[in-house]
Q: 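Could you have a look at this structure, given as C-alpha coordinates, before my questions?
Whatever order the structure lists ligands and atoms in, that order sets their numbers, starting from 1. These numbers come from the heavy atoms of this one structure, side chains and all, not from hydrogens, waters or symmetry mates.
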Amino acid sequence: MGNGKVALITGSTSGIGLGIAEAMAKAGYDIMFNGLVRDDAEKEIAQKIATDIGTKYGVKTLFSPANMMKPEEIRAMVLEAETTLGRIDVLVNNAGIQYVAPIDEFPEDKWDAIIDINMNSAFHTSKAVWKGMKARNFGRIINITSAHALQASEFKSAYVTSKHGITGFTKVLALEGAPFGITCNAICPGYVLTPLVQKQIPDQMKTHNMTEKEVIEKVMLYKQAIKEFVKVEDLGALAVFLASEVTSMITGVSLPIDGGWSAQ
Ligand code: NAD
(Lines give C-alpha, C1' and ligand atoms only; values in the text may rest on other atoms or scores of the structure.)
Protein backbone atom coordinates (compact mmCIF):
# COMPACT_ATOMS: atom_id res chain seq x y z
CA MET A 1 0.00 0.00 0.00
CA GLY A 2 1.24 3.46 -0.89
CA ASN A 3 2.44 5.91 1.78
CA GLY A 4 1.60 8.98 -0.35
CA LYS A 5 5.24 9.80 -1.04
CA VAL A 6 7.24 9.60 -4.25
CA ALA A 7 10.88 8.63 -4.81
CA LEU A 8 12.97 9.12 -7.94
CA ILE A 9 15.96 6.80 -8.13
CA THR A 10 18.47 7.23 -10.95
CA GLY A 11 20.08 4.08 -12.34
CA SER A 12 17.41 1.87 -10.79
CA THR A 13 17.19 -0.86 -13.45
CA SER A 14 20.16 -2.75 -12.01
CA GLY A 15 22.28 -3.41 -8.94
CA ILE A 16 22.15 -1.01 -5.99
CA GLY A 17 19.56 1.34 -7.53
CA LEU A 18 17.20 -1.55 -8.21
CA GLY A 19 17.66 -2.82 -4.64
CA ILE A 20 16.92 0.64 -3.24
CA ALA A 21 13.87 1.03 -5.52
CA GLU A 22 12.48 -2.31 -4.33
CA ALA A 23 13.06 -1.43 -0.66
CA MET A 24 11.38 1.95 -1.13
CA ALA A 25 8.43 0.41 -2.99
CA LYS A 26 8.06 -2.10 -0.14
CA ALA A 27 7.99 0.88 2.26
CA GLY A 28 5.09 2.33 0.25
CA TYR A 29 6.76 4.92 -2.00
CA ASP A 30 5.58 5.44 -5.57
CA ILE A 31 8.72 5.17 -7.71
CA MET A 32 10.13 6.85 -10.80
CA PHE A 33 12.62 4.32 -12.16
CA ASN A 34 15.46 5.35 -14.47
CA GLY A 35 18.22 3.65 -16.39
CA LEU A 36 20.15 3.70 -19.62
CA VAL A 37 18.63 1.70 -22.47
CA ARG A 38 20.20 1.10 -25.88
CA ASP A 39 17.12 -0.01 -27.81
CA ASP A 40 13.39 -0.76 -27.59
CA ALA A 41 13.99 -4.28 -26.29
CA GLU A 42 16.02 -2.93 -23.32
CA LYS A 43 13.37 -0.25 -22.75
CA GLU A 44 10.69 -2.93 -22.57
CA ILE A 45 12.75 -4.90 -20.02
CA ALA A 46 13.25 -1.77 -17.89
CA GLN A 47 9.56 -0.89 -18.06
CA LYS A 48 8.67 -4.42 -16.98
CA ILE A 49 11.01 -4.13 -13.96
CA ALA A 50 9.13 -0.99 -12.90
CA THR A 51 5.68 -2.49 -13.56
CA ASP A 52 6.45 -5.76 -11.75
CA ILE A 53 7.69 -3.98 -8.62
CA GLY A 54 4.65 -1.68 -8.69
CA THR A 55 2.31 -4.68 -8.88
CA LYS A 56 4.20 -6.62 -6.19
CA TYR A 57 4.03 -3.80 -3.62
CA GLY A 58 0.82 -2.01 -4.68
CA VAL A 59 2.49 1.30 -5.55
CA LYS A 60 2.57 3.44 -8.69
CA THR A 61 5.68 3.19 -10.83
CA LEU A 62 7.03 4.86 -13.95
CA PHE A 63 10.20 4.33 -15.97
CA SER A 64 12.24 7.07 -17.63
CA PRO A 65 15.15 6.28 -19.98
CA ALA A 66 16.66 9.76 -19.36
CA ASN A 67 20.38 9.69 -20.05
CA MET A 68 22.25 11.14 -17.06
CA MET A 69 24.71 12.73 -19.51
CA LYS A 70 21.91 14.93 -20.90
CA PRO A 71 20.61 17.72 -18.64
CA GLU A 72 17.52 18.35 -20.79
CA GLU A 73 16.50 14.67 -20.45
CA ILE A 74 17.05 14.87 -16.67
CA ARG A 75 14.78 17.91 -16.42
CA ALA A 76 12.11 16.18 -18.53
CA MET A 77 12.26 13.09 -16.26
CA VAL A 78 11.74 15.20 -13.13
CA LEU A 79 8.83 17.04 -14.74
CA GLU A 80 7.25 13.75 -15.82
CA ALA A 81 7.51 12.35 -12.26
CA GLU A 82 6.08 15.53 -10.75
CA THR A 83 3.25 15.69 -13.27
CA THR A 84 2.29 12.01 -13.30
CA LEU A 85 3.09 10.96 -9.72
CA GLY A 86 2.33 14.39 -8.24
CA ARG A 87 5.58 15.25 -6.40
CA ILE A 88 9.09 14.09 -5.59
CA ASP A 89 9.83 13.69 -1.88
CA VAL A 90 12.97 11.58 -2.17
CA LEU A 91 15.72 11.80 -4.77
CA VAL A 92 18.34 9.07 -4.84
CA ASN A 93 21.31 9.96 -7.06
CA ASN A 94 22.62 6.50 -7.79
CA ALA A 95 23.42 6.13 -11.53
CA GLY A 96 27.11 5.56 -11.98
CA ILE A 97 29.80 3.95 -14.10
CA GLN A 98 33.42 2.94 -13.58
CA TYR A 99 36.55 2.77 -15.72
CA VAL A 100 39.96 1.65 -14.51
CA ALA A 101 43.24 2.75 -16.16
CA PRO A 102 46.51 4.48 -15.24
CA ILE A 103 46.33 8.27 -15.65
CA ASP A 104 48.61 8.39 -18.73
CA GLU A 105 46.38 5.88 -20.52
CA PHE A 106 43.00 7.12 -19.23
CA PRO A 107 40.72 7.84 -22.24
CA GLU A 108 39.37 11.42 -22.29
CA ASP A 109 35.87 10.27 -23.25
CA LYS A 110 35.75 7.90 -20.24
CA TRP A 111 36.84 10.72 -17.92
CA ASP A 112 34.08 12.98 -19.28
CA ALA A 113 31.39 10.27 -19.08
CA ILE A 114 32.28 9.38 -15.46
CA ILE A 115 32.26 13.01 -14.36
CA ASP A 116 28.94 13.62 -16.17
CA ILE A 117 27.09 10.50 -14.99
CA ASN A 118 28.52 10.10 -11.47
CA MET A 119 28.79 13.78 -10.54
CA ASN A 120 27.23 16.37 -12.84
CA SER A 121 23.90 14.52 -13.10
CA ALA A 122 23.38 14.94 -9.33
CA PHE A 123 23.57 18.71 -9.79
CA HIS A 124 20.95 18.63 -12.55
CA THR A 125 18.55 16.27 -10.70
CA SER A 126 18.89 18.13 -7.39
CA LYS A 127 18.38 21.52 -9.02
CA ALA A 128 15.26 20.23 -10.80
CA VAL A 129 13.59 18.73 -7.66
CA TRP A 130 14.60 21.58 -5.33
CA LYS A 131 11.68 23.96 -6.05
CA GLY A 132 9.03 21.32 -5.25
CA MET A 133 10.79 20.11 -2.10
CA LYS A 134 11.21 23.69 -0.89
CA ALA A 135 7.52 24.48 -1.52
CA ARG A 136 6.44 21.40 0.50
CA ASN A 137 9.05 22.08 3.20
CA PHE A 138 10.25 18.48 2.96
CA GLY A 139 12.86 16.68 0.93
CA ARG A 140 15.37 13.87 1.18
CA ILE A 141 18.31 13.76 -1.21
CA ILE A 142 20.44 10.64 -0.90
CA ASN A 143 23.64 10.37 -2.93
CA ILE A 144 25.10 6.91 -3.49
CA THR A 145 28.80 7.65 -3.48
CA SER A 146 31.35 5.00 -2.46
CA ALA A 147 34.17 4.17 -0.09
CA HIS A 148 36.01 5.98 -2.91
CA ALA A 149 34.27 9.20 -1.85
CA LEU A 150 36.51 9.14 1.23
CA GLN A 151 39.54 7.09 0.13
CA ALA A 152 41.51 6.75 -3.09
CA SER A 153 42.69 3.74 -5.08
CA GLU A 154 45.16 3.83 -7.94
CA PHE A 155 43.89 3.72 -11.56
CA LYS A 156 40.46 5.13 -10.62
CA SER A 157 41.19 8.85 -11.11
CA ALA A 158 37.85 9.83 -12.67
CA TYR A 159 35.73 7.68 -10.33
CA VAL A 160 37.46 8.86 -7.14
CA THR A 161 37.27 12.48 -8.33
CA SER A 162 33.55 12.20 -9.12
CA LYS A 163 32.73 10.60 -5.78
CA HIS A 164 34.84 13.05 -3.74
CA GLY A 165 33.03 15.84 -5.64
CA ILE A 166 29.66 14.50 -4.50
CA THR A 167 30.89 14.42 -0.89
CA GLY A 168 31.32 18.21 -1.08
CA PHE A 169 28.05 18.65 -2.96
CA THR A 170 26.23 16.69 -0.22
CA LYS A 171 27.51 19.11 2.44
CA VAL A 172 26.51 22.20 0.43
CA LEU A 173 22.96 20.92 -0.19
CA ALA A 174 22.67 20.09 3.52
CA LEU A 175 23.40 23.73 4.35
CA GLU A 176 21.17 25.17 1.64
CA GLY A 177 18.33 22.74 2.42
CA ALA A 178 18.35 23.31 6.18
CA PRO A 179 15.81 26.18 6.24
CA PHE A 180 13.40 24.19 4.03
CA GLY A 181 13.22 20.75 5.67
CA ILE A 182 15.46 19.28 2.96
CA THR A 183 18.25 16.96 4.09
CA CYS A 184 21.07 15.64 1.94
CA ASN A 185 23.26 12.70 2.86
CA ALA A 186 25.54 10.24 1.12
CA ILE A 187 25.78 6.47 1.46
CA CYS A 188 29.31 5.20 0.82
CA PRO A 189 29.27 1.47 0.03
CA GLY A 190 32.29 -0.80 -0.07
CA TYR A 191 32.22 -3.53 -2.72
CA VAL A 192 28.76 -4.77 -3.72
CA LEU A 193 28.50 -7.67 -6.16
CA THR A 194 26.52 -5.92 -8.93
CA PRO A 195 26.99 -5.92 -12.72
CA LEU A 196 29.32 -2.89 -12.32
CA VAL A 197 31.68 -4.97 -10.16
CA GLN A 198 31.17 -8.25 -12.02
CA LYS A 199 32.41 -6.51 -15.20
CA GLN A 200 35.71 -5.62 -13.46
CA ILE A 201 36.55 -9.21 -12.46
CA PRO A 202 37.85 -10.52 -15.86
CA ASP A 203 40.13 -7.45 -16.28
CA GLN A 204 41.47 -7.82 -12.75
CA MET A 205 42.08 -11.57 -13.35
CA LYS A 206 44.17 -10.68 -16.41
CA THR A 207 46.01 -7.75 -14.76
CA HIS A 208 46.94 -9.71 -11.63
CA ASN A 209 47.14 -13.18 -13.21
CA MET A 210 44.74 -14.51 -10.56
CA THR A 211 41.66 -16.72 -10.36
CA GLU A 212 38.24 -15.14 -9.79
CA LYS A 213 38.31 -16.21 -6.13
CA GLU A 214 41.77 -14.65 -5.64
CA VAL A 215 40.66 -11.38 -7.27
CA ILE A 216 37.62 -11.16 -4.96
CA GLU A 217 39.55 -11.93 -1.76
CA LYS A 218 42.97 -10.40 -2.44
CA VAL A 219 42.15 -7.42 -4.67
CA MET A 220 38.53 -6.33 -4.24
CA LEU A 221 37.96 -7.04 -0.56
CA TYR A 222 41.61 -6.42 0.37
CA LYS A 223 40.82 -3.06 1.97
CA GLN A 224 37.66 -4.17 3.81
CA ALA A 225 38.15 -5.51 7.34
CA ILE A 226 35.06 -7.69 6.85
CA LYS A 227 35.81 -9.87 3.81
CA GLU A 228 32.30 -9.97 2.42
CA PHE A 229 30.47 -8.02 -0.26
CA VAL A 230 28.02 -5.39 1.04
CA LYS A 231 24.45 -6.56 0.48
CA VAL A 232 22.09 -4.61 -1.80
CA GLU A 233 19.28 -5.29 0.72
CA ASP A 234 21.27 -3.56 3.49
CA LEU A 235 21.77 -0.50 1.27
CA GLY A 236 18.03 -0.48 0.54
CA ALA A 237 17.22 -0.53 4.25
CA LEU A 238 19.65 2.35 4.91
CA ALA A 239 18.12 4.42 2.10
CA VAL A 240 14.60 3.84 3.47
CA PHE A 241 15.82 4.97 6.91
CA LEU A 242 17.49 8.13 5.53
CA ALA A 243 14.31 8.91 3.55
CA SER A 244 12.11 8.75 6.64
CA GLU A 245 10.81 11.56 8.83
CA VAL A 246 12.94 10.54 11.84
CA THR A 247 16.19 11.55 10.13
CA SER A 248 15.39 15.27 9.96
CA MET A 249 18.52 16.08 12.04
CA ILE A 250 20.89 13.90 9.99
CA THR A 251 22.23 16.00 7.14
CA GLY A 252 25.49 16.60 5.30
CA VAL A 253 26.77 13.20 6.37
CA SER A 254 28.70 10.63 4.35
CA LEU A 255 27.82 7.28 5.85
CA PRO A 256 30.20 4.40 5.09
CA ILE A 257 28.73 0.91 4.81
CA ASP A 258 32.00 -0.68 3.83
CA GLY A 259 32.97 -3.47 6.23
CA GLY A 260 35.51 -1.22 7.95
CA TRP A 261 37.39 -0.08 4.82
CA SER A 262 37.29 3.62 5.79
CA ALA A 263 38.24 2.82 9.39
CA GLN A 264 41.81 2.13 8.24
P1 NAD B 1 25.12 -1.18 -12.07
O2 NAD B 1 26.03 -1.17 -13.28
O3 NAD B 1 24.56 -2.47 -11.60
O4 NAD B 1 23.90 -0.17 -12.31
C5 NAD B 1 24.12 1.11 -12.82
C6 NAD B 1 22.79 1.76 -13.13
O7 NAD B 1 23.08 3.07 -13.64
C8 NAD B 1 22.00 1.03 -14.21
O9 NAD B 1 20.62 1.12 -13.92
C10 NAD B 1 22.32 1.82 -15.47
O11 NAD B 1 21.30 1.74 -16.47
C12 NAD B 1 22.42 3.22 -14.90
N13 NAD B 1 23.16 4.11 -15.77
C14 NAD B 1 24.44 4.01 -16.21
N15 NAD B 1 24.72 5.02 -17.05
C16 NAD B 1 23.61 5.79 -17.11
C17 NAD B 1 23.25 6.96 -17.83
N18 NAD B 1 24.11 7.58 -18.65
N19 NAD B 1 22.00 7.45 -17.67
C20 NAD B 1 21.10 6.83 -16.88
N21 NAD B 1 21.37 5.73 -16.18
C22 NAD B 1 22.61 5.21 -16.31
O23 NAD B 1 25.97 -0.44 -10.94
P24 NAD B 1 25.91 -0.49 -9.33
O25 NAD B 1 27.05 -1.28 -8.86
O26 NAD B 1 24.54 -0.82 -8.87
O27 NAD B 1 26.25 1.02 -8.99
C28 NAD B 1 25.27 1.98 -8.62
C29 NAD B 1 25.95 3.13 -7.90
O30 NAD B 1 26.60 2.63 -6.73
C31 NAD B 1 27.04 3.83 -8.73
O32 NAD B 1 26.98 5.22 -8.50
C33 NAD B 1 28.31 3.25 -8.17
O34 NAD B 1 29.40 4.13 -8.32
C35 NAD B 1 27.93 3.08 -6.71
N36 NAD B 1 28.76 2.09 -5.99
C37 NAD B 1 28.82 0.80 -6.40
C38 NAD B 1 29.62 -0.10 -5.68
C39 NAD B 1 29.73 -1.55 -6.05
O40 NAD B 1 30.61 -2.23 -5.48
N41 NAD B 1 28.90 -2.06 -6.93
C42 NAD B 1 30.34 0.36 -4.58
C43 NAD B 1 30.25 1.68 -4.20
C44 NAD B 1 29.45 2.55 -4.91
Q: N34 heavy atoms, cut-off 4.0 Å: which ligand 1 atoms fall inside?
A: 20 (C), 21 (N)
Q: Of all the non-hydrogen atoms in the protein, which one sits nearest to atom 34 (O) of ligand 1, and at what distance?
A: Y159 OH, 2.6 Å
Q: Check if A66 has a non-hydrogen atom at a distance under 4.0 Å from any atom of ligand 1.
A: yes
Q: If you compare all heavy atoms of S262 against all heavy atoms of Q151, which two are closest, and at what distance to 0.1 Å?
A: CA-NE2, 3.4 Å
Q: Have a look at K70, M68, R38, M220 and point out the one with the heavy atom closest to atom 17 (C) of ligand 1.
A: M68
Q: Is the number of heavy atoms from other residues, nucleotides or ligands within 6.0 Å of CG (D39) greater than 12?
A: yes
Q: Considering heavy atoms of the protein only, find what lies nearest to atom 40 (O) of ligand 1 and give residue, atom and distance to 0.1 Å.
A: V192 N, 2.7 Å
Q: State whether the number of non-hydrogen atoms from other residues, nucleotides or ligands found under 6.0 Å of E44 atom CD is greater than 12.
A: no
Q: Could you check whether atom CG of D40 has more than 12 heavy atoms from other residues, nucleotides or ligands sitting under 6.0 Å from it?
A: no
Q: Does the pair K5/E245 count as a salt bridge with the N-to-O cut at 4.0 Å?
A: yes
Q: Which atoms of ligand 1 have any heavy atom of G96 under 4.0 Å away?
A: 5 (C), 7 (O), 31 (C), 32 (O)
Q: So which protein heavy atom does atom 16 (C) of ligand 1 come closest to, and at what separation?
A: L36 CB, 3.8 Å
Q: With rounding to the nearest 0.5 Å, note down the distance linking CD1 in I53 to NZ in K26.
A: 12.0 Å
Q: Which of the atoms in ligand 1, numbered in the order shown and given with their element, are less than 4.0 Å from a heavy-atom of I144?
A: 30 (O), 32 (O)
Q: Find all atoms of ligand 1 within a distance of less than 4.0 Å from any non-hydrogen atom belonging to P195, and give their numbers and elements.
A: 3 (O)
Q: When you look at NZ of K227, are more than 12 heavy atoms from neighbouring residues, nucleotides or ligands closer to it than 6.0 Å?
A: yes
Q: With a 4.0 Å cut-off on heavy atoms, is V230 in contact with ligand 1?
A: no
Q: Who's the nearest protein heavy-atom neighbour of atom 42 (C) of ligand 1, and how far?
A: G190 O, 3.1 Å
Q: Pull out every atom of ligand 1 sitting under 4.0 Å from any heavy atom of T145, numbered as shown with elements.
A: 35 (C), 36 (N), 43 (C), 44 (C)
Q: May I ask you to identify the nearest protein heavy atom to atom 3 (O) of ligand 1, giving residue, atom name and distance to one decimal place in Å?
A: S14 OG, 2.6 Å
Q: Any idea which part of L18 is under 4.0 Å from ligand 1, heavy-atom wise: side chain, backbone, both or neither?
A: neither
Q: Counting only heavy atoms closer than 4.0 Å, does ligand 1 sit against the backbone of T13, its side chain, both, or neither?
A: both
Q: Considering heavy atoms of the protein only, find what lies nearest to atom 30 (O) of ligand 1 and give residue, atom and distance to 0.1 Å.
A: I16 CD1, 3.4 Å
Q: Enter the distance from T145:OG1 to H164:NE2 here, rounded to the nearest 0.5 Å.
A: 9.5 Å
Q: Aromatic ring centroids of Y57 and Y29 under 6.0 Å?
A: no
Q: How far is atom 28 (C) of ligand 1 from its nearest protein heavy atom, and which residue and atom name does that atom have?
A: N94 OD1, 3.3 Å
Q: Among all protein heavy atoms in this structure, tell me which lies nearest to atom 43 (C) of ligand 1, with the distance rounded to 0.1 Å.
A: P189 O, 3.4 Å
Q: Side-chain contact, heavy-atom cut-off 4.5 Å: L255 with N185?
A: no
Q: Under a 4.0 angstrom heavy-atom cut-off, which atoms of ligand 1 come close to G15?
A: 3 (O), 26 (O)
Q: Would you call Q98 a ligand 1 contact, heavy-atom distance under 4.0 Å?
A: no
Q: Taking non-hydrogen atoms only, is V197 closer than 4.0 angstrom to ligand 1 via side chain, backbone, both or neither?
A: side chain
Q: Look up atom NZ in K156 and atom OG1 in T161, then write down how far apart they are to the nearest 0.5 Å.
A: 13.0 Å
Q: Below 4.0 angstrom from a heavy atom of N67, which ligand 1 atoms are there? Numbered from 1 as shown, please.
A: 17 (C), 18 (N), 19 (N)
Q: Does any N/O atom on G11 come nearer than 3.5 Å to any N/O atom on ligand 1?
A: yes
Q: Is it the case that the side chain of S12 and the backbone of N34 share a donor-acceptor pair, with hydrogens and angles ignored and the cut-off at 3.5 Å?
A: yes
Q: Under 30°, 30 to 60°, or over 60°: which ring-plane class applies to Y191 and W261, parallel, tilted or perpendicular?
A: parallel
Q: Hey, which atoms in ligand 1 end up nearer than 4.0 Å to a heavy atom of G35?
A: 11 (O), 21 (N)
Q: Heavy-atom distances under 4.0 Å are what count here, so tell me which part of H148 touches ligand 1: side chain, backbone, both or neither.
A: neither
Q: Tell me if the CD atom of E72 is crowded by more than 12 foreign heavy atoms within 6.0 Å.
A: yes
Q: Drop me the distance from M32's CE to E82's CD, to the nearest 0.5 angstrom.
A: 10.0 Å
